Amino acid sequence: MDALTSLFAGFETALTPLNLLWALIGVTLGTLVGVLPGIGPALTVALLLPVTAKLPAVSAFIMFAGIYYGGMFGGSTTSILLNTPGESASIITALEGNKMARKGRAAAALATAAIGSFVAGTIGTLLLTFAAPAIAEIAVQIPPTAKFALILLAFVTISATFGGSPLRGLISLAFGLGIGLVGTDLQSGQARFTLGFPELLDGIDFVTVVIGLFAIGETLFVATRLRKDKGNVIKLQGNASMTREDWRRSWKPWLRGTALGFPFGAIPAGGAEIPTFLSYTLEKKLSKHPEEFGQGAIEGVAGPEAANNASAAGVLVPLLTLGLPTSATAAILLAAFQQYGLQPGPLLFLTNGDLVWGLIASLYIGNFMLLLLNLPLAPVWAKLLNIPRPFLYAGILVFSTVGVYSLNNSVFDLVLLAIFGVIGYGMRRFDFPVTPAIIGVILGPTAENFFRTAMQQSGGDYSVFVTQPSSAFILVIVVLALVLPPVLRARGKRAA
Amino acid sequence: MSKPLITLALSLSLLVAPSLAAAQSIQNLRIMAPASPGGGWDQTSRSVQSALQDAGIVKPVQVFNVPGAGGTIGLAQLYNSKGDSSLMMTMGLVMVGAIQTNSSKVDLSRVTPLARLTGEYEVVVVPASSPYKNMGDLVAAWKADPGKVAFAGGSAGGTDHMLVGLMAKAAGIDPRKMNYVPFSGGGETLAAVLGNQVAAAVAGYGEFEAQIKAGKLRAVGISSAKPQAGIDAPTLKSQGLNVELANWRGIVAPPGISGSQKAALISALDKMHASKGWKDTLETRKWTDLYLSGSKFDNYLKLEANRTAGILKDIGLVK
């Protein structure tokens, strides 16, 4: 019960009016940067670091944690309403969420995202409170072979995001994988496909690809059709709240999404994106209404949104207990600890217990604040869709450009953005799904690195993938996922 | 005037010149961090900014980021700001390496060196459960089968990779035969060694400090010349590996500035180095003070560029 006593002491720290105010500022700021495409929590915290140097450490971390959780809440908003994800972890949300919005069910989609995020964030924080050291211990033991197998699993299940035509989906995926190859090869330090541009040595930031393909592509597409379907303004239907049916269909995906997201956050280089892909696939497979997927199925919003918030809590596990950053935001938070002369790790709980428990307590509070902030806001956000489209998309264009420029302060990135925007328009025009391309950009390089690390550690022996138990286990699932559906289909036909 | 008098007058003027130049105040200083916000160069830039401002040496100071390609994008931009005497850029050993591996068109001989500021020594760690009790054990196993002993560290051609290469050379192992497993972030390196996935890992002391103190990792060597206060690790030198390496950070100015402008910038940095604010920053951030300014830094920079080129060639990253 040590954790419980410490947690109560933590609440005492976090519930002071001043710290509550910092938490509120944090979650509000986080929601805003989550909504804006391109500007994410990592960049926001990094830019605030020098400003907060004079603040007490506890207050600064309470605000940073608010920004982090808030970013995860806010990212879904533009995904759902405008088909332009504010965060890479919300890409999948756009698939079903935007379809729901187009049917006038934007408020319900926003609500299931917000409540799912709250549920996942709270469960994740509970796990962080009571099981952090044990989870962190297991997470670092996961070998690169198993991580590679996990990504392979994600690849195999990607077809769920292909839309109508598998061939077009595969072409889109191959395009993404190709883009992912650009840049300096981590293992050999050699430049690949950089065409002599030093700006390409670090690879193409996937934020640029996401915003180009989604936001700019969507804007161009809408612009070309503006005259054709003038009258087609999306009407808001029904009330802001979710129906009884929505609740019934949402609660299981929330829990399953949490179960997927949390461990991925805790694994080094796991990230928030992969569990959202897996959650989407899982929900599609388990749904009683698989035909609704691609038309606006609420499960496809609830699951991935829970997954990305749970992973945000998961990321804090190795960060606090081992000093191990597993995401970009975590790396910046680590820098923030160092700014105060603190070293996260096994001793932090002993040497700076007040700070750590104050921070953990503030996560519960921040999560609750985010729910209060986002639920009433859902119908307000949904009204965005009533803005005449020329103005709305002009705004998206401005924010997207500013967001991408803020990554590196580089005009080169804006040229890339324009190129990807045109490609994104082409893909929409000729009916290629955009999501597989993004998945390729994100997963391709990770898969390659895990594979090659595994090879280096084994001295080039390919059999490690099957001799290593955890990787063998996942590979069996991969094979089943590939083989079972066609076999079952064939048997079903024979029976019929 | 007699000859000795002229000499005296000249040397006097040389002595006086820097202090005169120092009096010439620097307006609107801008510091470029050639990396993203939050990284090492960014933190250094912002610490220099607040130290300069708080001590009233230069006001105002602005920091801006030009990230990319190991800092060489920022370097190219600095080169193009020829003659701008109110601009500085932070840099360090990593940039010296990146210039080589990226075959950057601009190298550090084309800009104006000002000072080396801080640094961090590298440590070699093994998991607490490792059979290698000290550097001697590790090197013995490494010599027996260079490919079998995997070292984890940062990206290829970075400081960690260079240190392992230098160690291999010092131990009489062909650096091309060593098994170096690069990871993109410090966190992954730490995870690999904590999870017993590699024999040893290399990084700046700060990245391993918490784990070393908690007894989960054993520091078998540090890359400094002498043992460091508060760090329980014997030097590599004391264990028969003649290797010394600091992951240092420094600051440079654009090319084409006048001698007195350079002297003014150096004098401002000298003052900052002596200020209390800077000393406090070094202490909280646990940065080792490696201050070196003026011609000493010019020479040091040349030596480091040569050494880096040599080791990257030995590793096989640069032809």
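Letters A, B, ... are given to chains in the order of the sequence lines, protein chains preceding strands, and every chain is numbered from 1. Just so it is clear, the model here is predicted, and its values are computed rather than measured.
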Tell me which of these, A76(B), A192(B), G68(B), has more heavy-atom pairs under 4.5 Å with chain A than the rest. G68(B)
For the atom pair OG1 (T281(B)) and CG (D54(B)), what is the distance rounded to the nearest 0.5 Å? 8.5 Å
Comparing G206(B), G70(B), A199(B), S103(B) against chain A, the one with the most heavy-atom pairs below 4.5 Å turns out to be G206(B)
Most chain A-contacting option - heavy-atom pairs closer than 4.5 Å, from R285(B), R46(B), K286(B): R285(B)
The interface call for A150(B) against chain A, heavy-atom contacts under 4.5 Å, is neither
What part of F64(B) is in contact with chain A, defined as an atom under 4.5 angstrom from a non-hydrogen atom: side chain, backbone, both or neither? neither
Applying a strict 4.5 Å limit to non-hydrogen atoms, the region of L194(B) in contact with chain A is both
With respect to chain A, which residue among I73(B), T101(B), D42(B), V66(B) yields the maximal number of heavy-atom pairs within a distance under 4.5 Å? I73(B)
Check the side chains of N409(A) and N65(B) for a donor-acceptor pair under 3.5 angstrom, ignoring hydrogens and angles. no
Is it the case that the side chains of T44(B) and T90(B) hold a donor-acceptor pair, with the cut-off being a distance below 3.5 Å and no angle test? no
Which atoms of K105(B) approach chain A - backbone, side chain, both or neither, heavy atom under 4.5 Å: neither
Sort out for me which of G316(B), G215(B), A214(B) touches chain A most, counting heavy-atom pairs under 4.5 Å. A214(B)
Examine whether an atom of K213(B) lies under 4.5 Å from a heavy atom of chain A, and if so say whether it belongs to the side chain, the backbone or both; otherwise answer neither. both
Chain B shares the most heavy-atom pairs under 4.5 Å, among T194(A), I332(A), T184(A), L201(A), with L201(A)
Measure centre to centre between the rings of F148(A) and F451(A), then say whether the value is under 6.0 Å. yes
Can you confirm whether the side chains of S470(A) and Q468(A) place a donor and an acceptor under 3.5 Å from each other? yes
Modelled atom types, side-chain donor and acceptor of S463(A) and D461(A), under 3.5 Å: yes
What class does the angle between the rings of F151(B) and W142(B) fall in, given that below 30° is parallel, 30 to 60° is tilted and above 60° is perpendicular? tilted
Check: I142(A) main-chain N/O paired with Q197(B) side-chain donor or acceptor under 3.5 Å: yes
